[in-house]
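Naming convention: chains lettered A, B, ... in sequence-line order (proteins, then strands); numbering from 1 in each chain.
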Protein chains: 2
Amino acid sequence: MKKDELLTQANQLCAVDYAFKRIGGKYKARILWYLDMRGVLRYGELRRTLPDITTKMLTQTLRELEEDKLILRKMYHEVPAKVEYSLSETGQELIPFIAHLHAWAKKQIEMDALSVGKVKDERTAAVCKSVCDTE
Amino acid sequence: MKKDELLTQANQLCAVDYAFKRIGGKYKARILWYLDMRGVLRYGELRRTLPDITTKMLTQTLRELEEDKLILRKMYHEVPAKVEYSLSETGQELIPFIAHLHAWAKKQIEMDALSVGKVKDERTAAVCKSVCDTE
DNA sequence: CTGCATCCAGGCGGATACTG
DNA sequence: CAGTATCCGCCTGGATGCAG
C-alpha cells in the first residue's frame, strides 16, 4: 500500500495501524533488517538472502518501500544491469524497533523450543541463524 | 496463526518473520497497545475502542493472542456474562516496541500531512487522536 | 542481472444473522 | 454481554514465462 493512499484515510486510522500498513506484509521488515545488517545490497543478493521470495514479491516490496521513502535505490546503467538498495534515513529510524522485536522473537523461539520440545534439526536451524541472526 | 503451527516450520523462518506472524494482522498490535494503555478491558470496551472491528475478528484475534500467551482472559460466570482481557508478561514485553513504532508513526503522519497538505478534517482527526493516541 | 506480465489459489477479513 | 455460524469478496502472494 502506498503512502498517499494511506493519507486519504488517515483520519480513521490510528498511528499503530498506520505503521503496520507501511512495514507490515510478509517481507518488508525482513528486508529492512537485512539492509541494516549488510549495508548496501544488490537485487540478486537480496533474493538469495530471502530464499522464499519470488522475483515478483521482491520487486513489488522494494517498490513500495522506495515509494514510502524507507529505502534508497541506485541504478547503474551497465550491461548487465546493476541495482543497489540501502536504507534511507527514515528507514534507519525503524531499525531500533525491529531490533527490539528481533530480540524478543529470538527469546520466544528458544522458550517455545524448550517447552514444546520441537525444533530438532539443529543444522537447518543453524543455517537460518547464520542468514537471519547475524549480529 | 497459532504458535505450535509456527514452530513446525520454525527452521525456515527467521526471528523477525516469526515475530510478525505473531503480532501481525490487522488488529493485534492495536489491541495490545490499548490493553497496555487502559489496563483491563472487557469485550465490549475493546469493541468500542476499535470502531472498525467486527465481533468475528475481535473474538478471533483475542483467541489467537490468548493461545500465544500474549494476553490473559478472565471469565466471570454471571448473568449477563462478563469477560476481562489484560496483557500477560510476555505481552508487556512487546509494549516498548509498539511504543517506539507508535512514536515513529505519529511523526511520519505529521510530516506527511505537512508535505502533502491533506488531512483537513481536524474534528475527525481529533476523534481518532483521542481514541488512539491517549498517553 | 533485474526485472515485468499474466494467471491463479488460498486465506484474511467483512456482513449478517443467531445464541446462552 | 459475549460471543458463534455461515457465506463470500478481495487482495496478498505464488508459479511461470518473457524481456531489456
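There is no side-chain donor-acceptor pair under 3.5 Å between A:Glu45 and A:Tyr85. Side chains of A:Tyr18 and A:Arg22: a donor on one and an acceptor on the other come within 3.5 Å.
The nearest whole Å value for the distance from the CZ atom in B:Phe20 to the C1' atom in D:dG13 is 17 Å. When rounded to the nearest whole Å, the span between CE of B:Met75 and P of C:dG20 equals 14 Å. Going from atom CG of B:Leu62 over to atom P of D:dC1 covers 16 Å, rounded to whole Å. One atom, CD of A:Glu78, and another, C1' of C:dG3, lie 16 Å apart when rounded to the nearest Å.
Remark: A:Arg42 is in phosphate contact with C:dT2, judged by side-chain N or O atoms under 4.0 Å from OP1 or OP2. Taking only side-chain nitrogens and oxygens, B:Arg73 never comes nearer than 4.0 Å to OP1 or OP2 of D:dA2. When the side-chain nitrogen and oxygen atoms of B:Arg63 are compared with OP1 and OP2 of D:dG3, one or more of them lie within a distance under 4.0 Å.
Place A:Pro80 and B:Lys82 on DNA chain D by their nearest nucleotides, and B:Lys82 ends up nearer the 5' end.
Using a 4.0 Å heavy-atom criterion, one finds that B:Tyr27 contacts the sugar-phosphate atoms exclusively. Within 4.0 Å of B:Tyr85, counting heavy atoms only, lie sugar-phosphate atoms of the nucleic acid but no base atom. In this structure, A:Thr59 reaches the sugar-phosphate backbone alone: every heavy-atom distance under 4.0 Å involves primed, P, OP1 or OP2 atoms, never a base.
Side-chain atoms of A:Lys56 come within donor-acceptor range of the base of D:dG13, with a qualifying N/O pair under 3.5 Å.
With A:Leu87 as the partner, the side-chain contact (heavy atoms from CB on, under 4.5 Å) test is satisfied by one option alone out of A:Asp36, A:Leu65, A:Leu72, A:Ile31: A:Asp36.
Comparing D:dG3, C:dC4, C:dT2 by their nearest atom to the side chain of B:Val83 picks out D:dG3. Side-chain atoms of B:Met57 lie closest to C:dG13 of the nucleotides C:dT2, C:dG13, D:dG14. When the nucleotides C:dG14, C:dT2, C:dC7 are ranked by their closest atom to the side chain of B:Thr54, C:dG14 comes out on top.
Of the possible donor and acceptor atoms, none in the side chain of B:Glu67 sits under 3.5 Å from a partner among the backbone N and O of B:Glu64.
Annotation: the span from A:Leu46 atom CG to A:Arg30 atom CZ amounts to 11.5 Å, rounded to 0.5 Å.
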